[in-house]
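As structure tokens, the structure follows; a few thoughts come after it.
By convention in this document, chain letters (A, B, ...) are assigned in the order of the sequence lines, proteins followed by strands, and residues within each chain are numbered from 1.
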Protein chains: 2
Amino acid sequence: MARTTKREEIIQAADRLFYRRGYEHTSFSDIAQDVQISRGNFYYHFKTKDEILDAVIQARLAYTQQMLSLWETEGDRPEERIRCFIRILIVNQAKILSYGCPVGTLCSELAKLGHPLQADANKLFTLFRVWLRHQFVKMGHAKDADDLAMHLLARSQGVATLANAFHDETFINQEVQQLCDWLDAQAITAKT
Amino acid sequence: MARTTKREEIIQAADRLFYRRGYEHTSFSDIAQDVQISRGNFYYHFKTKDEILDAVIQARLAYTQQMLSLWETEGDRPEERIRCFIRILIVNQAKILSYGCPVGTLCSELAKLGHPLQADANKLFTLFRVWLRHQFVKMGHAKDADDLAMHLLARSQGVATLANAFHDETFINQEVQQLCDWLDAQAITAKT
DNA sequence: TGGATTTTAGGACGATTGTCCTAATTGGTC
DNA sequence: GACCAATTAGGACAATCGTCCTAAAATCCA
């Protein structure tokens with residue numbers, strides 16, 4: 001039983017499956033089978049597939065925000081916090097090698113589908129963008145904080161995409177090192 | 001009539017649709033409607049959907065190779081040729097803003113589908129990788145040519161993904177400028 | 001012109017999709 | 001034990017999917 005309701009169980013399963021197989025390639029049956037309920041009973045919890053996607057996106061936004069808040073308390077310098085962001089490439093290495101970045105791949109898919117929830121999915125990117133911008137401002141990069149945030153986001157995306165395609169974990173480690181070096185360089189230029 | 005056969009017409013339409021809507025979200029009907037043939041007649045040209053995908057990938061490989069060969073003849077320094085690669089972010093700006101990178105999004109999708117043609121699609125990345133590596137070797141980066149090639153590929157991928165999500169063309173221009181600067185820096189460190 | 005070949009249109013097929021309805025079951029409250 | 005609400009299972013539904021068959025039409029060649 002634990003604390004999770006059936007609804008939360010469904011959202012968790014959908015979250016996992018949407019990431020692994022993609023949104024469109026995941027069916028009601030797949031999710032229902034995963035949480036051990038009948039396919040028909042699905043309608044009681046969610047009226048449409050978009051409703052599940054919406055719930056999944058909201059859940060991702062929630063725990064992403066939670067993660068960012070947690071990082072905010074770790075370390076006392078903004079560089080160390082940004083390093084937390086860079087390190088997710090290492091922490092989630094295995095998943096990234098198999099399925100890419102959860103945010104990037106979802107946004108790409110929804111863009112191709114012309115899906116109405118596209119904008120909501122993009123908020124995931126915005127969450128990271130705003131948080132990173134905030135950190136760069138604190139580093140002394142008031143002027144180009146947003147550019148630096150976008151730059152770092154893009155670098156991470158690229159690493160995830162390539163690592164996924166080539167199934168290359170050495171590449172991830174190399175690029176993470178370069179990103180850390182880049183970050184250090186930004187810390188130096190900021191003070192001047 | 002021109003020179004194109006019906007089969008080539010189908011491949012072209014499928015190529016375009018796979019890029020815009022994604023592979024799975026494009027149906028036989030969609031392609032058939034695009035090239036003005038009946039849905040049933042499709043079977044005469046292609047037995048399965050995978051067969052079309054295979055043909056599309058082969059076509060992409062062919063004209064990508066052709067493009068790389070063309071770049072090989074432009075300019076006399078490898079830096080100028082690599083700049084051709086970077087510039088596709090500008091040349092295909094409108095499409096990238098709407099649909100992302102054709103290579104990256106296809107590989108990501110096929111990875112999620114666990115599709116057997118995944119490896120063939122990845123050859124598109126390899127084509128660029130090998131070509132870029134070749135240019136970096138000529139620049140004097142014999143040792144780290146492959147790392148530089150992968151790095152540049154990843155940067156481009158990230159830019160495409162973010163530009164697509166945020167529909168931001170200014171971001172593309174900024175990042176292209178940074179990539180060119182980075183390339184110049186590599187040209188300098190190579191000679192030493 | 002006549003016959004062979006290529007290409008076509010139309011529809012059947014079984015499976016799967018998202019959606020929706022209904023009747024049965026469960027669980028808690030008086 | 002009786003009542004009420006929450007939750008369930010099973011299946012119907014129309015549409016769409018990829019696949020495949022067949023007969024007609026178009027095209028080519030002798």
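Residue B/Thr48 has its side chain nearest to D/dT19 when only D/dT19, D/dG10, C/dG18 are considered. Here the nucleotide nearest the side chain of B/Arg39, chosen from D/dG10, C/dA12, C/dT8, is C/dA12. In the set D/dA9, D/dC17, C/dT19, C/dT19 carries the atom at the smallest distance from any side-chain atom of A/Phe28. Checked against C/dA9, C/dT19, D/dA9, the side chain of B/Ile37 finds its nearest nucleotide in C/dA9. Closest approach to the A/Tyr43 side chain among D/dC20, D/dT8, C/dT19 is made by C/dT19 (side chain taken as heavy atoms from C-beta onward). For A/Ser29, whose side chain is taken as the heavy atoms from C-beta onward, the closest listed nucleotide among C/dT7, C/dT17, C/dG18 is C/dT17.
Contact between the side-chain N/O atoms of A/Ser27 and the OP1/OP2 oxygens of C/dT17 is found at a separation under 4.0 Å. Residue A/Asn41 places none of its side-chain N or O atoms closer than 4.0 Å to OP1 or OP2 of D/dT7.
Summarising the geometry, the separation between OH on B/Tyr44 and P on D/dT27 is reported as 13 Å, rounded to the nearest angstrom. When the P atom of C/dT7 is taken as reference, atom CD of B/Gln36 falls 19 Å away, rounded to whole Å. Whole-Å rounding puts the B/His45 NE2 to C/dA9 C1' distance at 12 Å. Rounded to an integer number of Å, the gap from A/Gln33 CD to C/dG18 C1' is 17 Å. Protein atom CZ of A/Phe42 is 16 Å distant from nucleotide atom C1' of C/dT16, rounded to whole Å. At whole-Å resolution of the value, CD in B/Glu24 and P in C/dT16 are 14 Å apart. With rounding to whole Å, B/Arg7 atom CZ is found 15 Å from C/dT6 atom P. Between the CD1 atom of A/Ile10 and the P atom of C/dG18 there is a distance of 14 Å, given to the nearest Å.
For residues 154-164 of chain B, every residue pair satisfying the side chain to side chain donor-acceptor pair (under 3.5 Å) rule, not counting sequence neighbours, is listed here: B/His151-B/Arg155.
Classified by interplanar angle (parallel below 30°, tilted 30° to 60°, perpendicular above 60°), the ring pair A/Phe18/A/Tyr23 is perpendicular.
A side-chain donor-acceptor contact under 3.5 Å links A/Glu72 and A/Gln135. At a cut-off of 3.5 Å, with distance as the only test, a side-chain donor of A/Gln177 or A/Asp181 sits close to an acceptor on the other residue.
A/Glu74 CD: more than 12 foreign heavy atoms inside a 6.0 Å radius.
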